[in-house]
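First the structure, in the form of structure tokens, and then the observations on it.
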Amino acid sequence: MSFLSNARDKAIEFFFQRNDFIKQFGEIQNVDIDSQENQANITILLHGETEPTLLCAHYCFEDTDEGTLIVINKVDSPREMINEIAAWWFKSHSIKKAL
């Protein structure tokens, strides 16, 4: 892995660890980046739950005049309810943040 791709993976991991949108639903326990598939596997302990849940966030990059943005446009989970809510929400939204 090159220095640049490793730095980008660390930036993506930091983005998820510090993301207020995700943190409002629970405590992030771990983030694993799969840069080959452009996805982040996030282990989160949802508020009120006793067992962590896995979220798989699919991301891409968007270059703008202000810099590079990370764009989350899909989230999957083994939990059906989370999949349904995420699919509904991402129909008309995405999460964008400068790296």
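Quick caveat: nothing in here was measured; it's all calculated off a predicted structure.
Every pair passing salt bridge (Lys or Arg N to Asp or Glu O under 4.0 Å) that includes a residue from residues 26-52 is listed here, sequence neighbours excluded: Glu49-Arg79.
Qualifying side chain to side chain contact (heavy atoms under 4.5 Å, CB included) partners for Asp76, counting only residues two or more places apart in sequence or in other chains: Cys56, His58, Lys74, Asn83. Scored by the side chain to side chain contact (heavy atoms under 4.5 Å, CB included) test, Thr64 finds Glu62, Glu66, Leu69 as partners (sequence neighbours excluded).
In terms of hydrophobic clustering, with Ile, Leu, Val, Met, Phe, Trp and Tyr side chains grouped at heavy-atom distances under 4.5 Å, Met81 and Trp88 are assigned to different clusters. Residues Phe61 and Phe90 fall within the same hydrophobic cluster, defined by Ile, Leu, Val, Met, Phe, Trp and Tyr side chains chained together at heavy-atom separations under 4.5 Å. By the rule that hydrophobic residues join a cluster once side-chain heavy atoms approach within less than 4.5 Å of another member, Leu45 and Phe25 end up as members of separate clusters.
Between the side chain of Ser94 and the main chain of Ile72, no donor-acceptor pair closer than 3.5 Å is present.
A distance of 6.5 Å separates OH in Tyr59 from CD1 in Ile70, rounded to the nearest 0.5 Å. Separation of atoms CG (Leu55) and CG (Leu46) is listed at 7.0 Å; rounding is to 0.5 Å.
The neighbour count for Glu80 CD, taken as heavy atoms of other residues, nucleotides or ligands under 6.0 Å away, does not exceed 12. For CZ of Phe14, the number of neighbouring non-hydrogen atoms (other residues, nucleotides, ligands) closer than 6.0 Å is 12 at most.
Using a 4.5 Å heavy-atom cutoff, the side chains of Ile95 and Trp89 are in contact. Contact of the Ile33 side chain with the Phe15 side chain is not registered, since no non-hydrogen atoms from C-beta on lie closer than 4.5 Å.
Ser77 and Leu54 make their closest contact through OG-O, 3.0 Å (heavy atoms, listed as atom of the first residue, atom of the second, distance). Pro52 and Thr43 get closest at one heavy-atom pair: CB-CG2, 3.6 Å.
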**Message:** Determine whether Phe16 and Ile44 satisfy the following criterion, side chain to side chain contact (heavy atoms under 4.5 Å, CB included), listing intermediate values before the conclusion.
**Reply:** CA-CA 11 Å; Phe16 284 107; Ile44 183 170; over 6 Å; no
